[in-house]
Amino acid sequence: MAGKAAGRLPGLDTLRGIAAASVMIFHATVVYDHGFGVGKAYLAVDFFFALSGYVMARTYETRFAAGMSWSVFLDARLSRLYPAMVIGGAFGLILLRQTMPDIWIEIAILNMLMVPVLAGQNAFPLNIAAWSILFELIANLLHHLVFRRTRTSTLVKALFPLGAILAMIALPRGIDVGSTPKTLMDALPRVLFSYTLGIVLWRWLGDKAPFWLPQWLTFAALPAYFAGIWALDVESGWADLLFIFLISPLVLSAGLSAAGGRLGEYLGALSFPLYAIQFPVLQLLHRWGYSVAAGVALCVLIAIGVTAALATTRRLGGWFGPRLATAAK
């Protein structure tokens, strides 16, 4: 089993930022109905899940053993995730009021409480990213209640049936599931496979990369895979499974030895605000007539502003200060 974690891993921060940017470009293709280069970049979300499992095990398993309760853990997770999601939801609220004028208040309340809508096109019309946050929080809770007490060998064995379920989902239609009411429950095995794999990687590897890759290759791997799949016009679910089963854990492992530097730190800090606000912002900008290039650029600028705003909360006192400061880290 891995030892105690020591400090941040700048390579993983950089990869987190690259993954968030990949999802943003994918969402831009969805909103603007383009298909340039990133047809399967939704797989970056699966990389996020694996990275989350690794980081949560690295950061919290020793704290769990020391007596951290599940409620304190979830409070820490909500403090990290919820502020940026609220800001993203505020952008979504503008659009929701225009597109669903009769029921926008009810949908907004449900979605802000992380409750999906089980009718219509999207389970989270307020902010489509919320489906992944809901299921990551479920994985976090299972981590505290179950996975932390589970032997690594048992977690490895659990990956086989989870992988088989993923294959049954992915082969007919790909693994871009979870955001609609129809595919909502398919998100559970999708999240649990990669999250569990991340826990296993931490317990096996700790902070030590099992192999070395040139830094440029490590950071280029995700966008190169997505662009290559698009260029070859590959639609098969096998490409999704190859990424989830092999490419994602290999890139995560290689990232342990990569030095992202100061830029990597910025990308890591920017990654979640960018992910949390991108879809509703892109929808609004498209509706207001902005081009796809302007939409992407403004989305990044808004995310930088949100990141800076969250960072300033470290100076705040009272009940909200410590919680929002956690979100800014």
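Predicted, not measured: the structure shown is a model, and the values here were computed from it.
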> How would you list, by chain and number, every residue that makes a side-chain hydrogen bond (donor to acceptor under 3.5 Å, both in side chains) with Thr154, sequence neighbours excluded?
Replying inline: none
> Is there any ring pair (Phe, Tyr, Trp, His ring centres under 6.0 Å) pair reaching into residues 102-135, and which pairs are they, with sequence neighbours excluded?
Replying inline: none
> Which residues pass the side-chain hydrogen bond (donor to acceptor under 3.5 Å, both in side chains) test with Ser52, sequence neighbours left out?
Replying inline: Glu136
> Can we call the ring centroids of Tyr275 and Phe48 under 6.0 Å apart?
Replying inline: yes
>> One pair to check against side chain to side chain donor-acceptor pair (under 3.5 Å): Glu61 and His143. What are the steps and the verdict?
In response: CA-CA 9 Å; Glu61 286 200 339; His143 195 162; 2.8 Å; yes
>> Under the criterion side chain to side chain contact (heavy atoms under 4.5 Å, CB included), I'd like the reasoning laid out for Ile94 against Arg287: C-alpha separation, chi angles, the key distance, then a yes or no.
In response: CA-CA 11 Å; Ile94 300 171; Arg287 189 176 181 88; over 6 Å; no
>> Phe47: which residues meet the ring pair (Phe, Tyr, Trp, His ring centres under 6.0 Å) condition with it, sequence neighbours left out?
In response: none
>> I'd like to know if the side chain of Thr180 and the backbone of Asn122 have a donor-acceptor N/O pair within less than 3.5 Å.
In response: no
> Taking Tyr54 as the fixed residue, which of Trp204, Trp202, Tyr195 is the one that meets the ring pair (Phe, Tyr, Trp, His ring centres under 6.0 Å) rule?
Replying inline: Trp202
> Do Leu274 and Leu263 belong to the same hydrophobic cluster, where Ile, Leu, Val, Met, Phe, Trp and Tyr are linked whenever their side-chain heavy atoms lie under 4.5 Å apart, directly or via other members?
Replying inline: no
> Would you say Arg149's side chain and Leu145's backbone share a donor-acceptor pair under 3.5 angstrom?
Replying inline: yes
Name the atoms and distances for all side-chain donor-acceptor pairs under 3.5 Å in residues 235-255, with sequence neighbours left out.
| residue | atom | partner | partner atom | Å |
| --- | --- | --- | --- | --- |
| Ser236 | OG | Trp238 | N | 3.0 |
| Asp240 | OD1 | Lys40 | NZ | 2.6 |
| Asp240 | OD2 | Tyr42 | OH | 2.6 |
| Asp240 | OD2 | Ile175 | N | 3.0 |
| Ser253 | OG | Pro249 | O | 2.8 |

>> Do Leu192 and Leu142 have side chains that approach each other closer than 4.5 Å (heavy atoms only, starting at C-beta)?
In response: yes
>> Please enumerate all residues that pass side-chain hydrogen bond (donor to acceptor under 3.5 Å, both in side chains) together with Arg148, with sequence neighbours excluded.
In response: none
> When you check the side-chain N and O atoms of His144 and Tyr60, is any donor under 3.5 Å from an acceptor?
Replying inline: no
